[in-house]
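Everything below concerns the one structure shown next.
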Amino acid sequence: MQNNNQSNYFHRIDLYRFIFTIFVIILHFEMFYPTTRFSHYAKSLYRSVDFFFLLSGFLLFRSFSTRRSENALDYTFSKIKRFLPLNIVVIIITCVFTTIEPVTSINKALNIFQSFIVNLLCAIPNFLFLQLFIPVYENFLPTQSDWFAPLWYISALLVSGFLWYWILLFLQKKHEEKSNYHAWGLVAAIFIYCYLLQQYGQLNISLAFAPIFNISTGFLRGFAGMGLGIFCANYKFELKTKKILKIAKVILPFFLLGLAFYAKATTIDFIFVFATALVLLFEFSLTEEPKKIIKKICIFLNKSCLPLYFSHAIVIVFEYTALVKHFPSLRENLLIDIIIRIILVFSTAFAVHWLTKPITKLLDKFYSHTTTITS
């Protein structure tokens with residue numbers, strides 16, 4: 001049954017977004033600086049990315065159904081407008097940190113400036129969100145290959161979104177409005193997931209190039225997840241018993257969040273994907289209106305997700321690493337260690353968000369003079 005409630009605000013989805021964003025940050029911290037035995041479980045939180053891919057598929061189809069964008073390029077630009085200011089700030093900061101050294105002479109200063117320019121040039125695909133397909137920075141500067149690693153997801157998301165929007169438009173024009181063209185999302189998801197299961201047996205894959213396809217595994221993973229989300233966005237639950245509905249609202253989130261920690265790098269990865277599809281299907285079927293205070297909190301948490309995601313690698317690689325080198329005893333007290341991580345992550349996210357404002361204004365002036373049309 002198609003979901004026609006396109007205008008509802010789903011506050012619980014924003015809570016999921018925030019939680020899984022925090023999960024990604026925990027994952028990357030634990031990869032570089034494991035804390036306790038919890039680290040073993042935290043390393044399975046790469047599944048958070050699959051949640052975001054499926055969620056993006058849901059949102060893409062809702063956008064497609066309401067015709068918010070005229071074509072695939074217009075849809076992709078609407079996403080790029082949100083990501084680009086943050087992306088520019090993060091890349092420039094990273095290039096600065098990776099080249100900065102004590103200046104002892106004019107020649108030294110010139111060498112630092114030259115290295116900075118080289119880094120910027122190598123990061124052009126990263127500025128264009130194509131690093132997953134054209135990894136110039138990662139290949140030519142191998143010692144710095146991890147700096148932009150978290151942003152592979154954005155690259156896969158934008159390219160997959162562009163292709164899916166174009167595919168949906170093509171199928172709709174060919175088979176008319178009432179056809180079940182969205183079913184191709186399920187077909188693509190099953191085909192790709194079967195391939196990834198056979199090749200890798202898990203979904204903790206991103207930057208490698210897949211055999212046969214000769215394309216990044218991260219893109220295949222994203223394309224499949226969005227396809228499954230597109231398919232599921234056409235349906236909804238109708239639970240008429242209020243007691244069951246209340247129980248489901250509590251049990252399903254705990255089930256999904258608990259599953260995110262279980263049995264890393266196994267076929268449970270694929271179980272998590274379809275569990276996510278089930279939970280999102282349920283969440284987008286809810287029509288309740290939250291209280292004003294809850295709505296404001298959820299909106300704030302949602303707005304904080306992108307700055308947190310884009311900036312957390314800077315915190316881990318540069319800020320926290322430098323702090324640990326100067327104060328190695330810091331990691332001996334777990335509580336203080338965690339508090340410092342939280343302060344660094346949120347303060348840096350705020351600073352990066354603040355730095356994007358002038359860039360956003362400049363880009364808005366540019367956007368006001370551009371448009372995308374289908375010839």
Side-chain angles (χ1 to χ4, degrees), residues 1-14 16-17 51-85 128-129 154-189 219 222-238 276-277 280-289 295 298-299 302-303 305-306 360 363-375:
M1 183 176 181
Q2 190 166 343
N3 187 356
N4 296 319
N5 297 323
Q6 304 290 348
S7 59
N8 292 336
Y9 169 63
F10 302 94
H11 67 287
R12 287 165 61 94
I13 294 295
D14 283 349
Y16 278 104
R17 275 197 185 105
F51 168 85
F52 285 116
F53 280 134
L54 265 83
L55 175 60
S56 297
F58 269 85
L59 298 177
L60 185 151
F61 193 83
R62 293 172 66 83
S63 178
F64 177 81
S65 299
T66 55
R67 288 296 181 273
R68 295 176 186 173
S69 303
E70 295 183 4
N71 52 58
L73 195 59
D74 188 37
Y75 170 79
T76 306
F77 276 158
S78 69
K79 300 298 179 185
I80 289 176
K81 288 176 183 178
R82 292 179 58 214
F83 299 146
L84 190 56
L128 300 175
F129 302 101
I154 304 295
S155 181
L157 176 70
L158 290 173
V159 175
S160 296
F162 172 82
L163 290 175
W164 270 121
Y165 206 95
W166 182 88
I167 290 169
L168 291 174
L169 277 175
F170 173 78
L171 291 173
Q172 187 185 65
K173 290 179 181 178
K174 185 176 181 180
H175 301 291
E176 299 180 353
E177 294 271 348
K178 296 182 180 180
S179 66
N180 293 324
Y181 50 85
H182 60 271
W184 284 103
L186 179 62
V187 173
F219 166 73
F223 191 78
M226 291 187 72
L228 184 58
I230 287 168
F231 173 77
C232 293
N234 285 268
Y235 302 90
K236 68 177 181 179
F237 282 116
E238 288 187 355
T276 298
L280 287 176
L281 188 58
F282 171 77
E283 294 294 344
F284 277 107
S285 300
L286 300 176
T287 57
E288 61 184 12
E289 185 68 21
K295 185 175 181 178
C298 292
I299 291 174
N302 179 43
K303 288 182 178 180
C305 288
L306 279 180
T360 301
L363 290 174
D364 285 342
K365 289 182 180 180
F366 171 75
Y367 297 146
S368 64
H369 298 290
T370 61
T371 185
T372 57
I373 60 174
T374 302
S375 59

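Atom set for the values below is all heavy atoms of this structure, side chains included, hydrogens, waters and symmetry mates excluded.
- Residues forming a side chain to side chain contact (heavy atoms under 4.5 Å, CB included) with S160 (at least two apart in sequence, or on another chain): F219, F223, M226.
- F58 is linked by a ring pair (Phe, Tyr, Trp, His ring centres under 6.0 Å) to F284, counting only residues two or more places apart in sequence or in another chain.
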In sequence, state the C-alpha distance, the side-chain angles, and the governing distance for E283 and F10, and then conclude on side-chain contact (heavy atoms from CB on, under 4.5 Å).
-> CA-CA 8 Å; E283 294 294 344; F10 302 94; over 6 Å; no

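- Taking every heavy atom of both residues into account, L306 and R82 meet most closely at CD1-NH2, 3.3 Å.
- The shortest distance between side-chain heavy atoms of F129 and L84 falls below 4.5 Å.
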Does the side-chain contact (heavy atoms from CB on, under 4.5 Å) test come out yes or no for F52 and L157, once each step is laid out?
-> CA-CA 9 Å; F52 285 116; L157 176 70; over 6 Å; no

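- How far SG of C232 is from CZ of F282: 15.0 Å, rounded to the nearest 0.5 Å.
- The side chain to side chain contact (heavy atoms under 4.5 Å, CB included) search around L186 returns I190, L228, F231, not counting sequence neighbours.
- Residues K79 and L158 approach most closely at CB-CD2, 3.5 Å, considering heavy atoms.
- For the atom pair CZ of R62 and CD1 of I230, the computed distance is 13.5 Å after rounding to the nearest 0.5 Å.
- Scored by the salt bridge (charged side-chain N to carboxylate O under 4.0 Å, His left out) test, K295 finds E289 as partners (sequence neighbours excluded).
- For the ring pair (Phe, Tyr, Trp, His ring centres under 6.0 Å) test, no residue two or more places apart in sequence or in another chain qualifies with W184.
- Not counting sequence neighbours, the partners of E288 by the side chain to side chain donor-acceptor pair (under 3.5 Å) test are K249.
- Open room surrounds NZ on K303; 12 or fewer heavy atoms of other groups in view lie less than 6.0 Å from it.
- In this view, D14 and Y9, R17, C298, N302 satisfy the side chain to side chain contact (heavy atoms under 4.5 Å, CB included) rule, not counting sequence neighbours.
- Scanning both residues, Y75 and S69, for their nearest heavy atoms gives CA-OG, 3.4 Å.
- Shown here are the ring pair (Phe, Tyr, Trp, His ring centres under 6.0 Å) partners of F170, two or more places apart in sequence or in another chain: W166.
- Using a 4.5 Å cut-off on side-chain heavy atoms (C-beta onward), L169 and F64 make contact.
- Geometric assessment of R12 against the ring of Y16 yields a negative cation-pi assignment under the 6.0 Å and 45° thresholds.
- For the atom pair NZ (K81) and CG (D364), the distance works out to 8.0 Å, reported to the nearest 0.5 Å.
- Nearest approach of L363 to P85, heavy atoms of both residues: CD1-CG, 3.9 Å.
- Between H182 and Y235, the ring planes are perpendicular. Angles over 60° get that label, and only those under 30° would be called parallel.
- In this view, F162 and A72, L73, T76 satisfy the side chain to side chain contact (heavy atoms under 4.5 Å, CB included) rule, not counting sequence neighbours.
- Distance check: F61 CZ to S56 OG gives 15.5 Å after rounding to the nearest 0.5 Å.
- A distance of 10.0 Å separates CG of L281 from CG of N234, quoted to the nearest 0.5 Å.
- Taking all atoms of both residues into account, the shortest heavy-atom contact from A224 to A189 is O-CB, 3.4 Å.
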